[in-house]
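Worksheet: the structure to be examined is printed underneath.
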Amino acid sequence: MPERGERSLPLPGARRAAARSVRPASAAARPAGAARLGRHPLLRLLDSTPRGLTEQQAEERLARYGENSVLPLPGPGRLRRTLTALADPFTALLAALTVVSTAVDSVGTAVILGLLVLTAVGLRLAGERRSASALRELRDLLPATATVLRRAVAAELPLARELPAEQLVPGDVVRLAGGDAVPADLRLLRAEGLTVDQSALTGESEPVPRHAPDLPPPAAAAPFEEPHLLFAGSTVRTGTATALVLATGAATRFGAAHRPSEQPAPEWARWPRPAADPSADAPSAPSAGAPSGRWRLRSAGRRAGSAAGPSAVQRGVRRAVRALILFMAAAVPATVLADGLLHGWSRSLLPFAVAAAVGLTPELLPVVVSSVLARGGRQLGRQGLLVRGPGTVGELGALDVLCLDKTGTLTSGEAAVVGGLDPYGRPASAPLRWAAVAAEAALAEAEDFDPLDEALLLAAETAGLPGGPAGLTVRQVLPFDPVQRTGGVLLGGAGRRLLVVKGAPEAVLARCAGPGADERERLAALVAEQARSGLRLLAVARAQGPARLGAPEPDGPLELVGFVALSDEPVESAAGAVAALAGAKVRVTVLTGDHPGSAARLCGQLGLPVAQVLLGGELAALTDRELAAAAAGGAVFARCDPEQKARVVRALRRADRTVGFLGDGVNDVPALRAADVGIATAGAVGAARAWADLQLGGQDLATAGRALAAGREAVARVAAYLRIALSCNLGNSVSMLVGGVLLPFLPMLPVQVLLQNLCFDAAQLSFAVGGRTIRPSGRPVRLPWGTLAAFAAVFGLLNSVSDLALFGAVRWSGADLGGAAAQGAFHTAWFTENLITQALALPVLYCLGDAGPRPRPPRPVQWAAAGLAVVGVLLPLGPLGRALGFAPLPVAAYGPLALVVLGYAVLLWAGRTLWRWFNPVG
Ligand SMILES: Nc1ncnc2c1ncn2[C@@H]1O[C@H](COP(=O)(O)OP(=O)(O)OP(=O)(O)O)[C@@H](O)[C@H]1O
């Protein structure tokens with residue numbers, strides 16, 4: 001829908017002109033206020049009736065508000081997208097060097113750099129195309145047609161007509177039935193047995209019941225939880241409804257959320273949302289926290305670390321690139337100035353500047369980093385672990401806190417029913433019978449399998465318990481709600497209604513009218529005692545059903561039937577996996593929806609020290625900082641709802657931890673999304689798997705540890721690349737700058753510098769090839785800029801010292817460097833010396849990140865280093881060398897060259913030993 005004065009959507013011909021002056025489709029009914037109005041005031045506000053609009057009204061509104069379409073805005077043109085891609089600092093640097101190289105007639109350099117720029121831009125545009133097609137898939141969630149009540153004139157009876165959904169306008173009245181996609185944001189006028197699937201909006205795959213009260217509930221519920229509203233992007237699962245259109249097109253929440261990210265939703269399209277992220281110091285209620293998984297819309301093409309911006313590896317690489325650019329901006333002009341002052345101002349200054357800048361740039365950096373991470377992903381794939389993208393591999397390497405859901409993750413996903421208990425803890429069959437009746441109904445409707453319901457049903461069948469009473473059939477299923485911690489079924493027939501509710505004991509007891517304070521205390525003590533002895537209790541209650549279907553509360557009070565006891569033992573591999581994680585310096589934190597007693601007992605069994613057990617309800621009083629400190633200090637979190645789990649994860653991330661969350665259920669989706677790395681167990685439900693960055697292959701928890709190890713190895717390889725590339729390139733540039741000032745000619749031509757860099761980078765692609773693994777330190781691997789910079793300075797300087805020794809040897813040997821042939825031979829000498837010293841540095845510096853007892857470089861790295869040395873000696877002597885301005889080096893010159901290389905080897909060995917001494921790995 002076009003935005004005021006800013007844009008117009010590609011509307012079909014005739015409507016395009018009319019739509020130019022359109023206003024946002026929610027303007028007539030600002031959802032924030034309108035959604036809270038009663039049915040009749042709302043109809044009046046929208047100038048509509050339960051019989052819908054007249055054709056004339058609809059036409060006027062269509063012209064005014066535009067079509068009900070969430071087509072993406074006409075994205076920026078190809079030129080603009082290309083320019084945006086060029087704005088990436090690394091690509092911009094290469095592009096600038098291409099332009100300058102062209103200006104100084106260094107055609108070969110310009111062509112190669114130009115090709116590198118085209119490759120970088122092409123990769124970026126291809127990624128954007130993939131995202132656009134993901135968006136198209138999301139838009140397919142909207143229906144093509146809708147059943148609308150319209151009248152030719154006000155006095156006529158309405159006709160229910162199937163119209164293209166694009167023609168819906170605010171004020172229209174639509175009809176819906178099971179299986180229909182919701183075409184716009186709607187307010188229910190009438191609903192029968194209605195449940196909707198909002199999984200595309202909230203990630204929660206369980207259908208939610210909706211009804212049509214005349215007045216909305218007074219408490220302001222979270223937006224997607226308003227019981228009387230339906231949203232575009234959801235689907236009706238069961239029942240029928242008549243509803244009033246509140247907002248269409250981009251004014252719907254679905255439309256607003258799927259705008260291109262660079263274009264924020266206009267004020268009018270923003271629905272009431274929770275306030276912005278709470279400050280780290282302010283206590284925050286869950287509903288006032290950052291938009292939760294339940295509230296946020298899915299967006300196309302999720303990446304690892306997307307919620308926090310770039311991943312840890314991306315951040316490290318960007319910082320390195322920024323530092324390179326800053327160094328270039330300061331050092332190159334300063335040296336050119338010095339050169340100009342010493343040797344006079346001539347046109348050769350520019351090629352000199354270009355050569356120095358090219359020398360500093362690791363041209364294949366993006367290729368090497370993504371190849372190394374992709375290799376890590378493939379490695380995990382071979383172990384049966386599915387990784388969403390290379391970013392995830394990097395995050396795994398940096399991960400230092402792993403939050404674990406309890407049930408189905410640390411304990412078996414297959415619940416083991418021990419039996420039924422009456423309210424006094426004595427064996428009884430009724431609780432299991434009624435729990436199974438509710439479970440059976442829930443399973444018949446559920447999209448995702450619920451292991452607890454499966455187990456209840458199986459146990460009742462095994463015990464030979466009867467099903468529901470004869471004559472009563474399922475009228476409505478109230479799916480298990482992890483926030484309320486209850487679920488149930490409404491049975492009806494022969495003038496009777498019966499509501500069965502099952503859930504967490506506290507939640508069910510809170511809805512039972514019967515027990516007094518003492519009795520409640522006794523029941524709570526019973527539940528806690530069972531939890532301590534390793535049994536989780538599920539409460540079961542019954543009531544005479546509600547008078548009207550769709551109303552969630554029964555007429556009569558709920559009466560406690562008893563409990564179902566479930567055993568709660570850890571899976572075999574859990575203790576070992578937790579110990580291995582602790583050994584790898586990963587802090588393990590348990591976040592569960594279960595009883596605090598069960599959580600504490602399990603932690604004891606796993607050897608996890610428990611400093612305190614915090615309940616989900618207590619989190620609102622804590623600031624994010626306190627929360628993160630508690631989690632890091634060994635707190636266990638129990639009775640957490642999905643949003644509370646996500647809040648703990650977010651608080652830890654704000655405290656600069658790299659956080660993983662391992663879960664298996666729908667209730668884990670918000671936390672999976674909030675984490676740097678969401679990890680789903682092998683038996684996780686579809687929604688959890690869909691949102692996870694990593695899916696474990698087997699039931700064995702140790703696979704999580706293996707994933708971390710593979711991530712650390714990949715990040716260690718990236719770190720090795722950055723260390724070596726930064727130090728060698730820095731060394732080359734310093735040599736180029738100093739040599740340029742000291743020598744009366746360019747120490748190396750720009751194209752030769754570029755060729756040398758490409759050879760070196762190509763050799764470093766060997767880091768992405770298999771071979772012996774690099775053993776990273778036994779702790780999370782990050783890319784600390786301080787250490788990288790210190791490394792680059794130390795080893796860059798060593799490299800430079802050997803270059804300058806060569807320059808000095810040539811300068812003071814008295815050789816005549818006046819002619820082109822002599823200068824070509826000098827270029828050959830430096831090129832050869834450079835590649836040989838880099839070939840020496842490659843395996844030695846690579847091993848500096850290896851924590852193994854006797855680190856040895858992998859075979860591919862050894863071969864690449866040998867190849868690099870051979871190229872360094874032979875390339876300048878061949879036809880390509882001649883074409884690039886090299887000239888043969890007199891044989892006698894190879895002696896001093898060998899001495900310089902030997903000197904560098906000694907320096908390198910000393911530097912490596914000292915570095916290890918001051919920076920022990922492990
Ligand atoms: N299908 C269900 N029907 C009824 N009650 C349930 C159901 N599933 C869970 N419960 C109850 O609700 C409580 C909270 O459930 P939730 O799924 O949030 O956490 P959990 O499964 O106990 O633990 P975790 O968060 O570690 O997976 C459970 O402890 C249990 O008492």
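Note that ligands are numbered from 1 as they come in the structure, with each ligand's atoms numbered from 1 the same way. Note that the numbering runs from 1 along the sequence shown for the chain. Heavy-atom basis, side chains included; hydrogens, waters and symmetry copies ignored.
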Could you check E569 against R601 for salt bridge (charged side-chain N to carboxylate O under 4.0 Å, His left out), going step by step and ending with a plain yes or no?
CA-CA 10 Å; E569 295 305 324; R601 177 176 181 274; 3.3 Å; yes
What is the nearest protein non-hydrogen atom to atom 1 (N) of ligand 1, stated with its residue, atom name and distance?
D450 OD2, 2.9 Å
In the protein, which heavy atom is nearest to atom 19 (O) of ligand 1, and how far is it?
G593 CA, 3.4 Å
heavy-atom search around atom 17 (O) of ligand 1 in the protein gives N667 ND2, 3.1 Å
side-chain contact (heavy atoms from CB on, under 4.5 Å), paired with C403, selected from L652, V590, V588, I679
L652
Hey, which of D668, L402, V648 is the one that makes side-chain contact (heavy atoms from CB on, under 4.5 Å) with F661?
D668
Residue and atom name of the nearest protein heavy atom (relative to atom 28 (C) of ligand 1), distance in Å to one decimal
R536 NH2, 3.6 Å
Atom 8 (N) of ligand 1 [closest protein heavy-atom partner, distance rounded to 0.1 Å]:
L452 CD2, 3.3 Å
Compare all side-chain heavy atoms of D624 with those of R647 and state whether any distance is below 4.5 angstrom.
yes
Among all protein heavy atoms in this structure, tell me which lies nearest to atom 24 (P) of ligand 1, with the distance rounded to 0.1 Å.
D405 OD1, 2.7 Å
Is the count of non-hydrogen atoms from other residues, nucleotides or ligands lying under 6.0 Å from E519 atom CD greater than 12?
yes
Counting only heavy atoms closer than 4.0 Å, does ligand 1 sit against the backbone of D453, its side chain, both, or neither?
side chain
Which option, T592, L538, T407, owns the non-hydrogen atom nearest atom 30 (C) of ligand 1?
L538
Which residue in the set V649, L662, L404, D405 passes side-chain contact (heavy atoms from CB on, under 4.5 Å) when paired with L591?
V649
Proximal atoms of ligand 1 relative to K645 (non-hydrogen, under 4.0 Å):
24 (P), 25 (O)
In ligand 1, which numbered atoms sit nearer than 4.0 Å to a non-hydrogen atom of K406?
26 (O)
Could you walk me through whether R639 and E618 satisfy the salt bridge (charged side-chain N to carboxylate O under 4.0 Å, His left out) test, starting with their C-alpha distance in whole Å, then the side-chain angles of each, then the deciding distance to 0.1 Å, before giving a yes or no?
CA-CA 10 Å; R639 285 299 187 224; E618 295 168 353; over 6 Å; no
Let me confirm one number: the CD-CG distance from Q605 to D568, rounded to the nearest 0.5 Å.
8.0 Å
The atoms of ligand 1 lying under 4.0 Å from a heavy atom of A504, numbered in the order shown, are 11 (C), 12 (O), 13 (C), 31 (O)
Just wondering, do T592 and L602 contact through their side chains at under 4.5 Å, heavy atoms?
no
Below 4.0 Å from ligand 1: does a non-hydrogen atom of H595 turn up there or not?
no
Start with the C-alpha gap between T238 and V477, add the side-chain angles, then the distance that decides, and say whether side-chain contact (heavy atoms from CB on, under 4.5 Å) holds.
CA-CA 10 Å; T238 57; V477 174; over 6 Å; no
shortest atom 9 (C) of ligand 1-to-protein heavy-atom contact is with F480 CZ, 3.4 Å
Nearest-neighbour protein heavy atom for atom 13 (C) of ligand 1, which is reported as residue plus atom name and distance
R639 NH1, 3.7 Å
Measuring from non-hydrogen atoms of G503 to any atom of ligand 1, is the shortest distance under 4.0 Å?
yes
